[in-house]
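Heads up: the structure comes next, in structure tokens.
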Amino acid sequence: MGKLTIGCFASLVGSTNLDFAVKLSAAAMEKGHKVDLWVSGNGTMISLKDQRAFKDYSSLEKPLKELMAKGLNVTACEACAESRGYHADHTLEGVKRFSMDWYLGSTFDADRVLHIGGE
Amino acid sequence: MATTKLGFVVQRPGYKSENPKLALTHAIASQSVEIYLQDGDLVTADIAFIGDGVLNCIKGQKAVENYDLNSTESHIKMALLLDLNVLVCKEDLDRYGLSESDIVIDAPEFGADMEVKVVPYSEITQMMEEMNHLLFF
């Protein structure tokens with residue numbers, strides 16, 4: 001089994017790139033792979049708790065919680081989050097917050113890195 | 001001891017989106033990645049500006065004056081100070097009527113020894129082939 005590192009910089013609302021990243025994480029984990037998901041820039045929006053689900057906007061809190069319970073490793077860029085007013089007490093339980101070197105560290109032993117840039 | 005080589009490829013112009021600056025800040029983070037690695041292991045970062053991304057390299061950016069933000073130019077200079085390999089595509093500079101005199105080449109005021117290299121696209125593809133992973137911004 002391999003390790004996949006996904007970096008996603010797109011916002012939760014405004015594109016479906018994060019939806020894709022979460023679905024890909026689920027598919028990879030289903031096949032037994034380890035997945036690290038790094039969110040930076042506008043992508044840090046996914047780390048917010050208490051997302052309210054509407055049918056017209058992406059809401060990934062529920063699937064993210066389910067995947068983290070199965071071992072998905074999710075880390076948000078702390079500076080990117082703080083700059084947006086997403087403080088530690090707003091953060092979904094289980095999501096870690098580190099600086100950008102965490103992402104590079106995760107790529108070190110990754111078999112594949114999929115980087116999904118922002119808008 | 002092992003090294004993972006990352007290639008950061010910047011294709012988008014500056015300030016319109018956050019991508020170019022995030023490419024640079026993530027590449028610069030290669031300097032502190034050791035805290036996540038075993039002794040002797042490394043993650044290196046090479047940066048290439050291609051397509052519209054070469055516009056990030058224009059010198060004399062006034063981001064501090066206009067937006068009170070660090071300029072992309074200053075991040076490029078910081079990358080040079082940290083001895084990162086920074087490549088700029090010559091053909092794409094030509095396409096915009098730009099030359100080496102229009103872009104950031106060095107950063108002596110930062111104490112940097114490295115210089116930006118303006119190279120043909122073929123050299124950028126060669127760099128990309130040498131990388132373990134590519135990250136497109």
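Order of the sequence lines fixes the chain letters, A, B, ..., with proteins taken first and strands second; residue numbering starts at 1 for each chain. This one's a predicted model, so the numbers in the text were calculated from it and none came from an experiment.
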Separation between CD of B:Gln31 and CE of A:Met100, rounded to the nearest 0.5 Å:
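Spacing of CD (B:Gln31) from CE (A:Met100) equals 14.5 Å.
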
Hey, could you give me the OG1/CG distance between B:Thr4 and A:Leu104, rounded to the nearest 0.5 Å?
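CG of A:Leu104 is found 9.5 Å from OG1 of B:Thr4.
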
Please tell me whether [X] and [Y] are part of a single hydrophobic cluster in this structure, the criterion being side-chain heavy atoms less than 4.5 Å apart.
| X | Y | answer |
| --- | --- | --- |
| A:Val13 | A:Val22 | yes |
| B:Ile50 | B:Met131 | yes |
| A:Phe54 | A:Leu64 | yes |
| B:Leu134 | A:Leu114 | no |
| A:Val113 | B:Phe136 | no |

Indicate the atoms forming the closest heavy-atom contact of [X] with [Y], along with that distance.
| X | Y | value |
| --- | --- | --- |
| A:Trp38 | B:His26 | NE1-NE2, 3.1 Å |
| A:Asp101 | B:Ile35 | OD2-CD1, 4.1 Å |
| B:His133 | A:Asp111 | CE1-O, 3.9 Å |

Can you say whether A:Cys80 sits under 4.5 Å from chain B via the side chain, the backbone, both, or neither, judging by heavy atoms?
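The side chain, not the backbone.
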
Might you confirm whether atom [atom1] of [X] has over 12 heavy atoms from other residues, nucleotides or ligands at distances under 6.0 Å?
| X | atom1 | answer |
| --- | --- | --- |
| B:Asp39 | CG | no |
| A:Lys3 | NZ | yes |
| A:Lys23 | NZ | no |
| A:Arg112 | CZ | no |
| B:Gln38 | CD | no |
| B:Glu130 | CD | yes |

Among [range], which residues come closer than 4.5 Å to chain A, judged by heavy atom distances?
| range | answer |
| --- | --- |
| residues 56-79 of chain B | none |
| residues 80-89 of chain B | none |
| residues 16-24 of chain B | B:Ser17, B:Glu18, B:Asn19, B:Leu22 |

Any idea which of A:Gly105, A:Gly117, A:Gly118 has the most non-hydrogen atom pairs under 4.5 angstrom with chain B?
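Most heavy-atom pairs within the cutoff with chain B belong to A:Gly118.
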
Measure the shortest side-chain to side-chain distance between A:Tyr103 and B:Leu135 over non-hydrogen atoms and say whether it is less than 4.5 angstrom.
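Side-chain contact under 4.5 Å: yes.
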
What pairs of residues pass the side chain to side chain donor-acceptor pair (under 3.5 Å) test when at least one of them lies in residues 49-59 of chain A, not counting sequence neighbours?
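The answer is A:Asp19-A:Ser58.
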
Can you tell me which portion of B:Ala45 sits under 4.5 Å from chain A's heavy atoms? Options are side chain, backbone, both or neither.
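Answer is neither: B:Ala45 stays 4.5 Å or more from chain A.
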
Could you check B:Val43, B:Asn132, B:Thr3 and say which one makes a side chain to side chain contact (heavy atoms under 4.5 Å, CB included) with A:Phe108?
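The option that passes is B:Val43.
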
On the 0 to 90° scale, with breaks at 30° and 60°, tag the B:Phe137-A:Phe9 ring pair as parallel, tilted or perpendicular.
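Ring orientation, 0 to 90° scale: perpendicular.
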
